[in-house]
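Some notes on the structure that comes next.
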Amino acid sequence: MKAPNVKLIITEVSGIQNTRLFTYNELRDATGNFRTSNKIGEGGFGVVYQGTLRDGTMVAVKVLSADSTQGVREFLTEIEVMADIEHENLVKLYGCCVEKKHRILVYGYVENNSIAQTLLGGGNNSIQFSWDTRSQICIGVAKGLAFLHEEVRPHIVHRDIKPSNILLDKNLMPKISDFGLAKLFPDNLTHISTCAAGTVGYLAPEYAIRAKLTRKADIYSFGVLLLEIVSGRSHKDRRLPVAEQYLLERAWDLYEKGEPVQLVDSSLNGDYNIEEALRCLKIGLICTQDMPKLRPPMSTVLKMLVGDIEVNDQEITRPGFLSELMCLKADKGVKKNVKNWSCTASASTSKLGSSSSFPENTDTSYNTMTFTSIYNR
Ligand SMILES: Nc1ncnc2c1ncn2[C@@H]1O[C@H](COP(=O)(O)OP(=O)(O)OP(=O)(O)O)[C@@H](O)[C@H]1O
């Protein structure tokens, strides 16, 4: 695919209100000429630098790789979606730069990295995630999502809720980031049929398999995230015994045995509110139920999290396991097609994978990807 030319991008960007256009020089000055020591991260579409604008505002400057054709669409989507909205649990987009081959996004700087790099970062972090902090993070993400799903018009489906897209500010308040895959969702539509995109492990089965997108896909991803925050482990961990490797399967297993508390992060050393932790785990399971219509809307999930609505055990049915669904389809004779899932990973290192039914030799990664399922052709 050929990259859209700069004039076209500028025309699209200028049509979006409330977007500040930065000059390349301004951003070069802000980041010390994109100095390596100012690099704070790297995602599928480019490198992120810390910077300071002339008025002293701290910013995160995301520079899209010059050769990324995939990134241009995400770049424009991010601006279109983020330009008009502001919420304490969403990263703020200040503006962008489109000059020659440069495509750069400028966000408010969020001090404490992402949940993927801290809580789930395998000990490379000095932050103590107490129970209260975890609870505050879950509630904050739920507030941000409820805002996107129910308050903004048209509604916004994020499509890539996962730990690396939840940043933590100086007070460890969460901010949802990375709206490059988001979809604006007019009121009159029940769902959007789209090429499925997101991150394996967080994808709702109905969305991954049939590419049928509704807000319930975000709610499923949020459920997986909740389980990760309470358990302090990733949705998949190959170092664990086979039966424990998949967090959602493990959570359901323990729940059925009446032992969900075993899932709570042992690094809390028992120092947590057991009632709240159990409630969070149950809500994680409620959000990941196989039938999308059984997953409550985010405003209800939020009320459950803060204890305004009772969480009733009878409400919880079996989660949707994408891996299982794929195996089932494979058993019914379409196995060879599974290999044909076309996948455009957003980073050269990422591969589609996470369950035994995906192509062999694949690896779990947090990278976002776009792929076309066998049902979406
Ligand atoms: N506003 C921000 N403030 C501070 N750090 C940020 C900000 N935005 C991004 N980062 C850092 O840059 C890293 C890369 O972010 P980016 O959104 O490009 O990719 P990602 O979400 O990690 O991966 P992918 O693109 O595959 O989803 C983040 O993990 C985070 O550490």
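A quick note: this is a predicted structure, and the numbers were derived from the prediction, not measured. Along the sequence shown, the residues carry numbers beginning at 1. When a ligand or atom number is given, it counts from 1 through the structure's own listing order.
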*Between D55 and T57, does any side-chain donor sit less than 3.5 Å from a side-chain acceptor?*
yes

*Using a distance-only test with no angle check, is there a side-chain donor-acceptor pair under 3.5 angstrom linking S130 and D132?*
no

*So how far is it from E228 CD to L263 CG, rounded to the nearest 0.5 Å?*
11.0 Å

*Check each heavy atom of E111 against ligand 1 and say whether those closer than 4.0 Å belong to the side chain, the backbone, both or neither.*
neither

_Location of contacts on Q117 toward ligand 1, heavy atoms closer than 4.0 Å_ = side chain

*asked:* If we only consider heavy atoms of A116, is any one of them less than 4.0 Å away from an atom in ligand 1?
replied: no

*Side chain, backbone, both or neither: which part of V48 has a heavy atom under 4.0 Å from ligand 1?*
side chain

*Report the part of K175 (side chain from C-beta onward, or backbone N, CA, C, O) that has a heavy atom under 4.0 Å from ligand 1; answer both or neither where that applies.*
neither

*Under 4.0 Å from a heavy atom of A60: give me the atoms of ligand 1 that qualify, with their elements.*
1 (N), 2 (C), 3 (N), 7 (C)

_With a 6.0 Å cut-off on the ring centroids, do Y272 and F129 count as close?_
no

_Can you tell me which portion of D178 lies within the under-4.0 Å heavy-atom range of ligand 1? Options are side chain, backbone, both, or neither._
side chain

*Rounded to the nearest 0.5 Å, what separation is found between the CZ atom of R134 and the CG atom of D265?*
4.0 Å

